[in-house]
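We count ligands from 1, going down the list as the structure has it; atoms in each ligand are counted the same way.
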Amino acid sequence: MSDSTGLRPDTVVVTGGRPEPVHDAPVSPAVVLTSTYRGAGEMTDTDRGYGRMSNPTWEDFEGVLGRLEHADLPALAVASGLAAVGTVMSLVPVGGRVVMPTHAYQGSQVLVDDAQRAGHFTVTRVDVTDTQAVLEAADGADLVWLESPTNPMLEVADLPEILAATRASGVLTAVDNTFATPLLQRPLTLGADIVVHSVTKYLAGHSDVVLGAVLTSDPDLWARLKHHRTINGAIPGTFETWLALRGMRTLSLRVERSGRSALDLAARLAEHPAVTRVRYPGLTSDPGHVRAAAQMDGGYGAIISVELATDADGAQRVVEALEVWTPATSLGGVESLVERRRRHHDEPATVPESLLRLSVGIENVEDLWADLDRALATVRLGS
Ligand SMILES: *Cc1c(COP(=O)(O)O)cnc(C)c1O
């Protein structure tokens with residue numbers, strides 16, 4: 001699907017955020033390092049002003065991401081994905097109520113639990129696959145937070161249905177689109193008010209940047225979110241935004257390759273005797289497949305969760321036996337990562353002890369499979 005310029009996303013990631021095309025201009029954007037900007041008259045909203053308010057290098061990145069998400073306004077880059085989550089949560093009035101999925105990025109869960117404990121707002125948790133339950137909880141809420149597919153259970157929310165209903169009733173919605181990337185899913189076009197990204201993951205794509213972004217097409221919301229960034233000071237690093245745009249040049253190639261490998265590996269894992277369940281919406285047998293096929297475009301992402309026929313220690317041994325896969329938290333980089341999620345003490349008990357989350361990278365899929373197959377042989381079946 002092309003954006004308002006008529007260009008397709010795999011072109012936008014390459015051509016966007018470049019210097020003006022004049023003779024002798026550099027082809028690649030500069031890293032503009034400055035803490036302030038020249039100016040003497042009355043300062044207005046459109047002035048660059050000061051380094052906490054704006055930066056040309058941020059804007060190169062922000063413009064491209066805005067176009068990929070089909071937002072009417074540029075993205076707002078912030079210091080991290082969680083800074084993006086916190087910026088959105090700042091819109092919730094004191095005494096308000098937030099609807100959260102039972103399973104969602106763990107940092108987002110801790111953030112809203114902290115806010116609830118401090119008395120800022122209350123939190124209602126819902127099974128995001130149960131559309132009726134989401135809509136009942138949304139009634140009278142100040143913010144509905146959605147993630148799809150969810151971390152780490154890969155559940156799929158019915159985004160078109162939920163977002164049409166919340167749009168009609170005027171309830172503010174935000175979608176964490178980190179797992180899908182704007183190449184596969186564009187929640188603003190489905191009716192979401194706000195989209196957030198952990199740019200750290202697929203967008204930057206090389207496990208060398210921590211960065212976040214918030215997007216909206218609503219000028220009033222955009223101004224409030226930007227004000228929050230300026231005044232709370234969780235601004236992006238200039239070099240990080242430059243690296244993120246550098247990484248995004250290959251986003252479509254990475255998403256295509258890793259998604260294809262993920263589908264292939266998910267199908268092979270589903271046949272493996274040491275695997276009791278594969279969670280991946282690209283498999284036709286997955287409970288989220290029909291929804292994902294309807295609302296995602298061109299793939300299902302590259303995160304797979306597997307449950308193993310063993311306990312926590314057995315799953316841990318599989319992780320430690322891997323050589324091509326790197327044992328680490330995080331996801332979305334060129335290198336394949338694996339993690340037993342329950343090693344985090346705050347992961348909900350509804351996540352099985354043996355669940356491994358796989359972030360499929362861009363290595364040769366046969367090498368990834370051979371490594372997995374060898375490590376899975378450490379699971380003693382029938383014991
Ligand atoms: C990693 C992640 C975040 C948090 O982003 P950071 O850049 O680590 O602060 C938020 N949501 C999702 C889905 C993530 O994977």
Polar contact flag for [X] and ligand 1 (N/O pairs, less than 3.5 Å):
| X | answer |
| --- | --- |
| Glu147 | no |
| Val85 | no |
| Gly81 | yes |

> What are the two closest heavy atoms between Arg249 and Val14, and how far apart are they?
Replying inline: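 Smallest interatomic distance, heavy atoms only, reads NH1-O, 3.1 Å.
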* Taking atom NE2 of His227 as the centre, does the number of heavy atoms from other residues, nucleotides or ligands within less than 6.0 Å exceed 12? -> no
What is the closest protein heavy atom to [atom], and at what distance does it sit?
| atom | value |
| --- | --- |
| atom 5 (O) of ligand 1 | Ser198 OG, 2.9 Å |
| atom 4 (C) of ligand 1 | Tyr105 CE2, 3.3 Å |
| atom 2 (C) of ligand 1 | Lys201 NZ, 2.5 Å |
| atom 9 (O) of ligand 1 | Leu82 N, 2.8 Å |

Does any donor atom in the side chain of Asp218 or Thr216 lie under 3.5 Å from an acceptor atom in the other side chain?
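Their side chains do not contain a donor-acceptor pair, so the 3.5 Å distance test is not met.
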Check: Does a side chain donor of either Thr276 or Glu307 reach within less than 3.5 Å of an acceptor in the other side chain?
Finding: no
Can you list the steps and then say if Val209 with Val199 is a side-chain contact (heavy atoms from CB on, under 4.5 Å)?
CA-CA 8 Å; Val209 171; Val199 178; 5.5 Å; no
Looking at ligand 1, would Asp176 count as a contact under a 4.0 Å heavy-atom criterion? yes
query: When rounded to the nearest 0.5 angstrom, what distance separates OG in Ser217 from CD1 in Ile194?
result: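 Rounded to the nearest 0.5 Å, the OG-CD1 separation comes to 11.0 Å.
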At less than 4.0 angstrom from any non-hydrogen atom of Thr200, what atoms of ligand 1 do you find?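 Listed by number with element, the hits are 6 (P), 7 (O).
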Test side-chain contact (heavy atoms from CB on, under 4.5 Å), reference Val92, set Leu172, Thr122, Asp142, output is Asp142
